[in-house]
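What follows is a set of notes on a single structure, which appears directly below.
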Amino acid sequence: MQSVHLYPLMAFCFIGMLLNVSAVYAQHTTLSGTVINEKNQPLSNVYVLLNGDLYYAVTDTNGRFSIQQVKPGEYTLRIQRIGFETLEKVITVDSEMDGKLILTLKPQRYRSKETVVVTATRTRRDIEDVPVPVTVIDEKEISSTGSMRLSDILAEQTGLMLTADHGMGVQLQGFDPEYTLIMLDGQPLIGRTAGTLNLERITVDNVQQIEMIKGPSSALWGSDALAGVINIITKQGDRPFELNVNSRYGRNQTLDFGANLSMQRNDWKQNLFLNRNSSQGYSLIPNSIAQTVPSYQNYTATYRTEIPVSDAIDLELHGRYYNEKQSGTDYLGSTDNPTLLDGEDLQEDYSLSPSVHFSLTGGLRGKISHYFSGFRTDTRYTYRQGDSLYEHTTFKQYYNKSELQLNQTWNASHTSTWGGGYVHEQLNAQRYPHNPAFNSYFLLAQHEWMPGTRWDLIAGLRFDAHSEYTSQLSPKLSVRYKLSDRLHLRASGGSGFKAPDFRQLFLDFTNPTAGYSVFGSSNVRERIRELQEQNKIQQVLIPLNQLEEIRSERSLAFNAGVDLRPSEGLELRVNLFRNNVDDLIESAPVARKNNGQPIYSYFNLQNVYTQGLETQLRWQPVEQLLISAGYQLLDARRKIEETRTVQDDQGEVVERTFSSYEPMLNRSQHMANIKLYYTWEEPDISANLRGTWQGKYARFDANGNGFADPGEYDDGYMIWNTAVDKTFSGRYTLRLGVDNLFDFTRPFDLSWLPGRIFYAQLSLQLY
Amino acid sequence: MTPLRNTLQLLSLPAVLLLFLSTACNDSSTGPGNEEEDESQIESYIVEDIPASDAITYYSLRDNSIVEASDSASTEWDIAFSTTTIYTNSEASGPGDGGALVLDVSFDDVTIAPSDGYSTDTDTLLAIPTGSGNGWYNYNRTTHIVTPIENKTLVIKTGDGANYAKLQVLSYYKGNPDLSGEEFSNNPDNYPSGYYTFEYVIQLNGSREFAE
């Protein structure tokens, strides 16, 4: 009975198996083909990826690849190889196409045709489409210049001027470093000393691209984005397994070593990066006791991962740790009879940033993120004789930010972005006895409208409220118009601000030898009242009830520009800018103590404007040669207001108030650069020559009047750098370079510029 | 350190006569303010390297010469130099009827002395205020260089209270070096501070006029 019943079942199963097997044969196929270059030569080591990393293959020396067991259907094929532009192609796989697929890769030039930027809109967008002018420094440019630290590569950019004041900073459109927001993967880096975020803290070994927006961007990014934003985007490998090792050795025993490891499996991406950078430092002044730049060694470790939880949800985590130790010699007293001190300086920063990305129905996408960062310095000076401690100072800063961002794509022409967040900051340092903290929150909204293909308009508004100073509203409006494929017009207007920093709000410092005091604007009233009660105040210069609450420094700016492409390979960008800045914060005396010494606090005192023109030319006359040239004209002036004692017609004394705008110190009116890149495709050798010219600038205010007078200017100077590299089998690159070819130095003025530097660099793409 | 005589206009005999007549006729006009028909008696000088770092140097603008410190309790001197401080022969600093005011006007543009508004030296405040930016100089806290402020003219009432002079400090360093030049920054020891070079114009007829 049972067997009777079983037979049909078994038969059914068998038929099913047969069907199944035949289905395997019918449905799975092998996808194979050849990858070639534009000269029909086969390319080896090319990764061919199907739908993400589900299937992949690597081409052999004949350029052939094959992926087995592929179901027929529609796929997105990604073909990538170092040195070539990544090709994406949608293909339909069927059994007919085995071996017939021929894919041609184009060599990558110094800038790939399509660059995606995030800094302009907080969303990923093509650089050509955004109305705000964005400057991108890509991986190729960073590596071909042999750059190690962020300051190295920024020094060669049009309109940027390096400054050394408590660390390497950069001037942007004539603004001091404290007015530019520096971000790493969209999160602000903290730890500024006297307003400068030391750019040498940031390695560029693992940088995908650097995005720069010149002009205020507080409508999107809030405080500090008064002059502009520099956003460093780190690499996220895109092959299943990737290991790159990079090392550079140069003069002054400067050694840089980096290893970058990426893994990818079922869309789970991970990246680990390690870097060590050290130097013995250098002395530009012979026989000086202290080195111009002391010896140092630093370590950077970063980890990032992206984990897909479901189709709609992704988790992301970024972490960073940086540690630098510097050691040098300093002295007390005169150089003839110095008391020697040994200095040890530690700088440390770390951050952790988890985020959740989600997409909901109806084109709504969002991101919830938290960013925690800490910064710490520890400086210790000990007497060389006796080894006793002379000074020990510590400084700790903590930053916490929680944030929600939503993006709604309504249709092809309307997109909205909203965001809000909360920031808590805290300090822990000797000069801030009460461990001050402050809280702020922000709301932002942005709408983009593209009426037709020619126009693009973005309007944005951000509100920042703060526990210690008046709140801030920052609008921005940007417009792009494509007159033709060859001519694009852009214009934007907006405001920027920089919040008063901890120093300006909370400093509590009394100079132990001179006896003067500096109090932040949040504690000055309280501190003076305390001193009054102790009968230590001789005179109050500004009545305490008239002390106004300190305001943010504010700018209003306009940018207008043209992108012109008269022919293939020729591109000209021109941008005009004007920034009006009010309420710049300066210190001024508020009271005098019994010892005759003043008490200073911070006030909104200064008005400044900067205006100018920036041009950038890129010309590729032949395939092998790229010429790039940049120029910036800058007019940066501060308002000088004074009451003068003059005479009337009868010669009698009268007081009159005069105000004028005078040139600011340490600004170059003219800056220019020229870069030549040449590539020999056959031996895979490239060479470049880059020159950066800085026009005359007034470094020292010899007469102390607060602005640059004609007699105070230092001559301009030009720095030439060059490098040659040879790539072996498409994966191993040896680079030899010379920085500062003509050994130009200016010891007192440009301490950051060592003499001529020879270096060798080896980059290995191991997997 | 030799005073340099630039121009000197000697009085003609009729002018002296006229001066005598005019003072005789007009009893009410004594001292400054008497500017009517007197023949101008304008003298101008550039004085180099007056030392002011070790001791106070007293100076007579009327005689264009240094006054001995032993005569400091007299009205012989008009101004005195002590490092960056310039005293006037008045109140707290001396027995004279001198004084000064500081104008933010270029030296050449001061063609007449104001009739009023002169300060005297008191215990708390000098007629020519001290401190960077307050009086005749700026002091750069970074480079420690003292620079005369452009377009600052000191109008000085002489120690006898009878004459006006206008004065401009040209340098605080020996040899009046170019402060922004490399020679000065490379060899600072060759140009010690505390040496005044100044230029002045004095009207010796008691009127306020500095120009013909």
Side-chain angles (χ1 to χ4, degrees), chain A residues 165 194 285-286 334-336 511 514 516 538-539 541 587-589 592 596-598 600 640-660 662 665-666 696-715 746-749 751, chain B residues 32-33 35 100-106 109-119 124 128-129 131-155 164 166 169 171-173 177-182 184-186 203 207-211:
Chain A
D165 178 17
I285 303 152
S334 69
T335 48
D336 305 330
N511 185 302
Y516 66 86
Q538 185 188 69
Q539 192 189 359
L541 303 169
S587 61
R592 203 172 5 248
Q597 289 294 326
Y600 297 95
I640 303 285
E641 201 164 31
E642 58 181 6
T643 305
R644 290 190 204 150
T645 310
V646 295
Q647 291 178 289
D648 65 10
D649 294 343
Q650 275 71 48
E652 299 304 338
V653 173
V654 283
E655 303 272 314
R656 290 215 179 97
T657 303
F658 289 82
S659 82
S660 60
E662 302 293 344
L665 292 157
N666 203 20
K696 64 173 185 173
Y697 58 97
R699 185 80 174 91
F700 295 113
D701 189 13
N703 61 7
N705 63 359
F707 59 87
D709 298 281
E712 291 172 342
Y713 282 87
D714 278 326
D715 290 339
R746 205 168 263 180
F748 296 99
D749 194 357
S751 62
Chain B
E35 68 229 54
L101 58 82
V102 182
L103 290 177
D104 298 302
V105 180
S106 76
D109 287 346
V110 180
T111 55
I112 185 166
S115 65
D116 200 15
Y118 293 84
S119 302
T124 51
I128 302 162
S132 178
N134 299 331
W136 65 269
Y137 66 90
N138 275 323
Y139 171 66
N140 186 315
R141 278 185 280 182
T142 320
T143 59
H144 310 292
I145 291 175
V146 171
T147 333
I149 303 171
E150 274 177 57
N151 299 329
K152 283 273 184 190
T153 304
L154 313 178
V155 182
Y164 293 106
K166 63 170 179 174
V169 179
S171 175
Y172 187 62
Y173 294 88
D178 172 12
L179 297 181
S180 56
E182 281 193 11
F184 176 72
S185 49
N186 292 340
Q203 171 60 280
S207 81
R208 293 157 50 207
E209 305 289 338
F210 293 129

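All values below were derived from every heavy atom in this structure, side-chain atoms included, with hydrogens, water molecules and symmetry-related copies excluded. Order of the sequence lines fixes the chain letters, A, B, ..., with proteins taken first and strands second; residue numbering starts at 1 for each chain.
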Correct closest heavy-atom pair for A:Thr643 and B:Asp104 would be O-OD2, 4.0 Å
The single option from B:Asp116, B:Leu103, B:Val155, B:Val102 that satisfies side chain to side chain contact (heavy atoms under 4.5 Å, CB included) with A:Val653 is B:Leu103
Greatest number of non-hydrogen atom pairs under 4.5 angstrom with chain B, of A:Val646, A:Asp714, A:Asp648, falls to A:Val646
Ranking A:Glu652, A:Arg656, A:Arg644 by heavy-atom pairs under 4.5 Å to chain B gives rank one to A:Glu652
Among B:Pro114, B:Gly117, B:Ala113, the residue with the most heavy-atom pairs under 4.5 Å to chain A is B:Pro114
When rounded to the nearest 0.5 Å, the distance separating CD of A:Gln647 from OG1 of B:Thr153 is 8.5 Å
Okay, A:Gln650 and chain B: the region with an atom under 4.5 Å from a heavy atom over there is backbone
